[in-house]
Amino acid sequence: MPPCAEKPYTAGTSLWRHRDFRRYLTGQTASVAGSSIAQMALPVLAVLHLDATTAQVAWLAFLGQLPPALLALHAGALADRHSKRRQMILGDLVSATVLATVPVAAALGTLTLTQLMVVAVVQGAASVVHDAAAISLLPSLVDRSLIQRSNSRVGALFAVAASAGSHLGAALTALLGPSRALLGDVASYLISAVCTARIQTAEPARVRPETRRLRGEIGEGLRYVRGDDRLWTLTLVNATTSFGLGLLNTLWALYLFVPA
């Protein structure tokens with residue numbers, strides 16, 4: 001995986017020469033690729049090494065997708081209240097730590113399906129916190145005139161990273177086994193944490209007092225999105241796409257690995 005960028009950014013140069021944007025992009029791309037490895041390896045580990053049933057694999061997938069559904073709004077509000085970089089780093093370190101317990105337990109012969117489910121929930125919750133902060137951080141890294149260009153590059157590289165991560169996860173699972181393949185995801189989270197820690201651009205001052213109720217801020221955000229037709233349409237499209245992908249991620253392991 002590429003190292004964090006070092007070259008400084010000056011106005012009028014290519015966006016790729018923006019030091020902190022490249023650090024951000026490197027870390028987030030590594031994280032996306034690593035997450036694809038875990039999505040490949042965890043169901044395989046459950047079925048082939050723990051003899052999980054169809055229902056147990058379905059529960060594992062469900063629990064992994066539950067934190068985004070329950071915590072996404074709260075994570076967005078927290079990103080407005082606290083340091084985004086700290087939340088990103090914390091999310092990365094929690095994800096790396098909890099995933100690292102899986103190959104350790106597998107090597108000791110103590111790995112259980114319950115542990116995998118706990119790992120899926122904790123890692124899912126940490127990823128929600130990280131992702132909400134990462135989305136909020138990007139506008140503070142680049143000039144307003146570069147937001148559209150930077151978002152297009154982020155989206156393109158994320159798509160490539162997700163696909164490459166899936167292929168890498170399959171290769172690592174075949175070569176090393178599913179438990180040790182997860183070390184690739186652990187490494188990706190550590191790369192993301194290091195790159196985020198090296199971002200030097202100061203975050204804008206938080207104008208909202210932390211004494212406000214979190215529920216009130218969530219409601220305010222929902223009303224804002226509902227009042228903008230473009231944002232509301234994008235929200236519905238993304239929600240529908242995420243729902244479909246959630247079904248796919250749940251079912252593919254069942255069809256591939258669980259006996260009929």
Please test H130 against Q28 for side chain to side chain contact (heavy atoms under 4.5 Å, CB included), starting from the C-alpha separation and ending with a verdict. CA-CA 10 Å; H130 172 279; Q28 299 314 297; 2.7 Å; yes

From CG (L183) to OG (S188), nearest 0.5 Å: 11.0 Å

Looking only at heavy atoms, what is the nearest atom pair of A41 and L182, with distance? CB-CD2, 3.9 Å

Between Y189 and T97 (side chain of the first, backbone of the second, donor and acceptor by atom type, cut-off under 3.5 Å), is there such a pair? no

Tell me the closest heavy-atom pair linking L111 and L50, and the distance in Å. O-CD2, 3.6 Å

Under 3.5 Å donor-acceptor, Q115 side chain and T101 backbone: yes

Take S127 and Q123 through the side-chain hydrogen bond (donor to acceptor under 3.5 Å, both in side chains) test and state the conclusion after the steps. CA-CA 6 Å; S127 294; Q123 192 269 331; 3.0 Å; yes

How long is the straight-line distance from NE2 of H82 back to OG of S136, given to the nearest 0.5 Å? 12.5 Å

Donor-acceptor pair, distance only, cut-off 3.5 Å: does the side chain of S36 make one with the backbone of V32? yes

Inter-residue atom distance L157.CG - S152.OG, 0.5 Å rounding: 9.5 Å

For T196 and R85, the nearest pair of non-hydrogen atoms, with its separation, is O-NE, 3.3 Å

S179 and H49, any side-chain heavy atoms less than 4.5 Å apart: no

Would you please classify the geometry between the F62 ring and the W59 ring as parallel, tilted or perpendicular, with 30° and 60° separating the classes? perpendicular

Checking V121, T114, L113 against M117 for side chain to side chain contact (heavy atoms under 4.5 Å, CB included), the one that qualifies is L113

Would you say I135 and V128 are hydrophobically clustered, going by side-chain heavy atoms of ILVMFWY under 4.5 Å? no

Can you measure from OG1 (T173) to CG (L168) and round to the nearest 0.5 angstrom? 9.0 Å

Could you walk me through whether V129 and V94 pass the side chain to side chain contact (heavy atoms under 4.5 Å, CB included) check? CA-CA 11 Å; V129 173; V94 170; over 6 Å; no

Using the rule that two of Ile, Leu, Val, Met, Phe, Trp, Tyr join whenever any of their side-chain heavy atoms come within less than 4.5 Å, decide whether V102 and V98 are in one cluster. yes

Heavy-atom closest pair, residues G169 and M40: C-CG, 3.8 Å

Under 4.5 Å between side-chain heavy atoms, hopping through other hydrophobics if needed: is there a path connecting V104 to V119? no

Given side chains that start at C-beta, do those of L48 and P178 come closer than 4.5 Å, heavy atoms only? no

If you look at every heavy atom in D92 and S192, which pair is closest and at what distance? OD2-OG, 2.7 Å

For the backbone of Q200 and the side chain of D20, can you confirm whether one donor and one acceptor N or O come within less than 3.5 Å of each other? yes

Flag, side chain of S31 to backbone of G27, donor-acceptor distance under 3.5 Å: no

Closest heavy-atom contact between L190 and A96? CD2-CB, 4.0 Å

Please round to the nearest 0.5 Å and tell me the distance separating atom CG of D51 and atom CD of Q56. 9.5 Å

Joint hydrophobic cluster, L93 plus V118, side-chain heavy atoms closer than 4.5 Å: yes

For L176, the side chain to side chain contact (heavy atoms under 4.5 Å, CB included) test, sequence neighbours excluded, returns L172, R180

Looking at CD1 of I199 and OH of Y24, how far apart are the two atoms once the value is rounded to the nearest 0.5 Å? 8.0 Å

Would L60 and L116 count as a side chain to side chain contact (heavy atoms under 4.5 Å, CB included) if you check the C-alpha gap in whole Å, the side-chain angles of each, and the deciding distance to 0.1 Å? CA-CA 7 Å; L60 178 62; L116 284 188; 4.1 Å; yes

